[in-house]
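So that the names make sense, note that chain A is the first sequence line, chain B the second, and so on, each numbered from 1.
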2 protein chains.
Amino acid sequence: MARVTAQDVAEAAGVSLATVDRVLNNRKGVKDSTIERVTEAMDRLNFVRDQAAANLARGRSYRFTFIVSAGETAFFSDIRSEIDAARALAAKDRIEVGMVAVPPLDPQAIVDAIEGRGETIGDGVALVAVESQVVRDAIKRLRAKGVHVVTFISDIPNSARERFVGIDNVAAGRVAASLLKRFVCAPAGDVAVVAGSGTLRDHVERRMGFEQVMRAECPHLTVLPWIEGEEMAGVVEEKLSKLLAENPEVVGLYSLGGGTRGVIDAIRAADQDLRVVTTELSEHTRAALIAGDIDAVLVQDPSHEVRSAIRVLKAFTDGTAVNEKQERIRIEIFMRDNLP
Amino acid sequence: MARVTAQDVAEAAGVSLATVDRVLNNRKGVKDSTIERVTEAMDRLNFVRDQAAANLARGRSYRFTFIVSAGETAFFSDIRSEIDAARALAAKDRIEVGMVAVPPLDPQAIVDAIEGRGETIGDGVALVAVESQVVRDAIKRLRAKGVHVVTFISDIPNSARERFVGIDNVAAGRVAASLLKRFVCAPAGDVAVVAGSGTLRDHVERRMGFEQVMRAECPHLTVLPWIEGEEMAGVVEEKLSKLLAENPEVVGLYSLGGGTRGVIDAIRAADQDLRVVTTELSEHTRAALIAGDIDAVLVQDPSHEVRSAIRVLKAFTDGTAVNEKQERIRIEIFMRDNLP
DNA sequence: CGTGTTTTGATTGACGTACATCAAAACATC
DNA sequence: GATGTTTTGATGTACGTCAATCAAAACACG
């Protein structure tokens, strides 16, 4: 029951270790018939190449850089500390993880961060994208240099990025609508939407998904013009309080970006009977869920996302396949009863 | 920027490689002051022991065995194929994964499977527990032999198992109730519960959680006596159809175990207006979600659970810490709009 | 058959750590 | 200062693969 090594395969196939190695790393200079004999022996003996030994021999190490928003929302400070946490874990596998925090919503800052790092950016980059042509171009230049690129949290389609690591934000918006539709029992009423930023694709997509479902399935509910909160609790509270005061028929609320603390403060003050779905799991949303001020919170798991981005970049660098099941990023729905 | 090796640490601390090695693996025979000098050098140089090299040198390999139900529910056949899938992945890390499928709900079968394997059971066991003293005893015997044990999917508390890998089933039941409470708009009505087996702790716990919330928060809803479906679609359909016919006031339904196909057939036939929450994501529940026959499905991700169990057993075997964030098993809530 | 080319074998030295051994040095004790 | 003990150094082998070398063998082609 001992492990099968390349040496065993060589003996079984009647070739030398060198030849097995050539086949294993598909180097040229091996007859097709020999390749076949060797691969046959491999799966007959159930040979699995030992990752540890292979990595060691290759002496390969990896260097990935995260480019994330320096924004002060609960979500992004979570993301940043998760990257720090992942760094220690990744180091064990010879993966160095760098991080650059850039001013939020500033495409040029992202580009500068990339260019500024030069070659030290490493083998792969995970970046929180902002919709902009300069970012698209920067991604293309990275790819041209052989650097692997994934977008992270917020996508930028029609770019050269190889993958998006994050949730399906349209689906998140749809789920929010689907929940509110079922939560709201009033025969008719208004629904308020508190948005974050119009330049963040993830926010735009959530809004899209939300409106899709509202329009298609909730003729009895009227979606009010959205509130732009700019992710700042103070701004959100002020605008939302005003809106609630002016619209007594509001029966539902979806907050799809940052500044959730402002949402909570406003609805507590307003004391209307409305169903609320928000994003971000912070101490404030936790408390509000428990108190019953909020009905559900839709979140993504930053810790999973960071680990996933690293694994995906490593797979790209190694040229191996991505384990799709493991890398699926879920939209998590928290209610009072399944808070972690 | 080259990697820091144990040799570098030795030079920095002014000792030999052998001494660093002694410190690294806390072997005896090193003066305290020297230990201090070495560890100081380690974190000054930011030394991280190379897992690949360490594993290779140790020549250690792992052997874990899953003991799972041979039941024909969609969920368990999923679990079994995920174990097969994980086997290939684990092999790369010198982990051999075995599986024994035992007749469902039979404690003695579990014990026999354990005893029957003898020493070949390996370094760790993940088992789908059934409430029973003989199982508890078997776990204790395994632990006494130094075999690590985690329960999987279904827990057995007050046993010697070192950890439970699975969702918080009480919470799942609570979430189901919390959703139904919000979904149901009728001022009053009945709620039906379709249970699986009374001997499976996970089913019992879900039911507990469900009733907790119903009793505490939904005085307007009456929970009807539960239906025991024995996880068989035919049985479920028959009993549920009968119940629906006899109780026209049913406005909500929670199906917490297998045989969901029977639930779907019954509610389609009954054509009542009721909100439905079930478990298991199969082709049937998918279709029913899309058709609107079901409102939400609460599931656990078998693929994640299998990988988690393997990682946890490995951590126990190595005596290293478990990464709690990574090993948290989520209760996933699927609606029509976030189906994967 | 000789020539050139392709394929294979044999061998060697990494990679970074684990682990064991023996000798040398440092230290403690009387 | 002789003795015994603890601590350290020096060294070597092993793990399984990668990568490179050079020589030998097999093959193709005219």
Correct closest heavy-atom pair for B/I329 and B/G166 would be CB-O, 3.6 Å
Charged N to carboxylate O under 4.0 angstrom, B/R27 versus B/D21?
yes
D/dC18 C1' sits how many Å from A/D318 CG, rounded?
14 Å
With a 4.0 Å cut-off (strictly under) to non-hydrogen atoms of chain A, the first and last hit nts on DNA chain C, 5' to 3', are C/dT7 to C/dG16
Base, sugar-phosphate or nothing for B/L17? Non-hydrogen atoms, less than 4.0 Å.
nothing
Heavy atoms of B/A52 and A/N55 approach each other most closely as CB-CB, 4.3 Å
How many Å lie between CD on B/E11 and P on D/dA10, as a whole number?
11 Å
Round to a whole Å and report the spacing from CZ of A/R22 to P of D/dA19.
13 Å
Scanning both residues in full, the closest heavy-atom pair of B/A309 with B/A126 reads CB-CB, 4.4 Å
Assign each of B/V20 and B/G59 to its nearest nucleotide of DNA chain D by heavy atoms, then name whichever residue's nucleotide is nearer the 5' end.
B/V20
Yes or no on salt bridge (charged side-chain N to carboxylate O under 4.0 Å, His left out) for A/D84 and A/R87, after CA distance, side-chain angles and deciding distance?
CA-CA 5 Å; A/D84 284 329; A/R87 180 171 292 134; 2.7 Å; yes
B/H148 vs B/F316 aromatic rings, parallel, tilted or perpendicular, using cut-offs 30° and 60°?
parallel
Strictly below 4.0 Å, heavy-atom distances to any atom of DNA chain C: list the hits from residues 26-50 of chain B, or just say none.
B/R27, B/F47, B/R49, B/D50
On the six-membered ring of B/Y62, is B/R60 placed so that its NZ or CZ lies under 6.0 angstrom from the centre and within 45° of the ring axis?
yes
If every non-hydrogen atom of B/M42 is compared with every non-hydrogen atom of B/V9, which pair is closest and at what distance?
CG-CG1, 3.7 Å
What integer distance in Å separates B/Q7:CD from D/dA10:C1'?
12 Å
Check the angle between the aromatic planes of A/H304 and B/H304 and answer parallel, tilted or perpendicular using the 30° and 60° thresholds.
parallel
May I ask you to say what A/N25 touches in the nucleic acid, namely base, sugar-phosphate or nothing, with a heavy-atom cut-off under 4.0 Å?
sugar-phosphate
For a quick check of understanding: with a heavy-atom distance under 4.0 Å over all strands, which category does B/R94 fall into, base, sugar-phosphate or nothing?
sugar-phosphate
May I ask you to say what A/A18 touches in the nucleic acid, namely base, sugar-phosphate or nothing, with a heavy-atom cut-off under 4.0 Å?
base
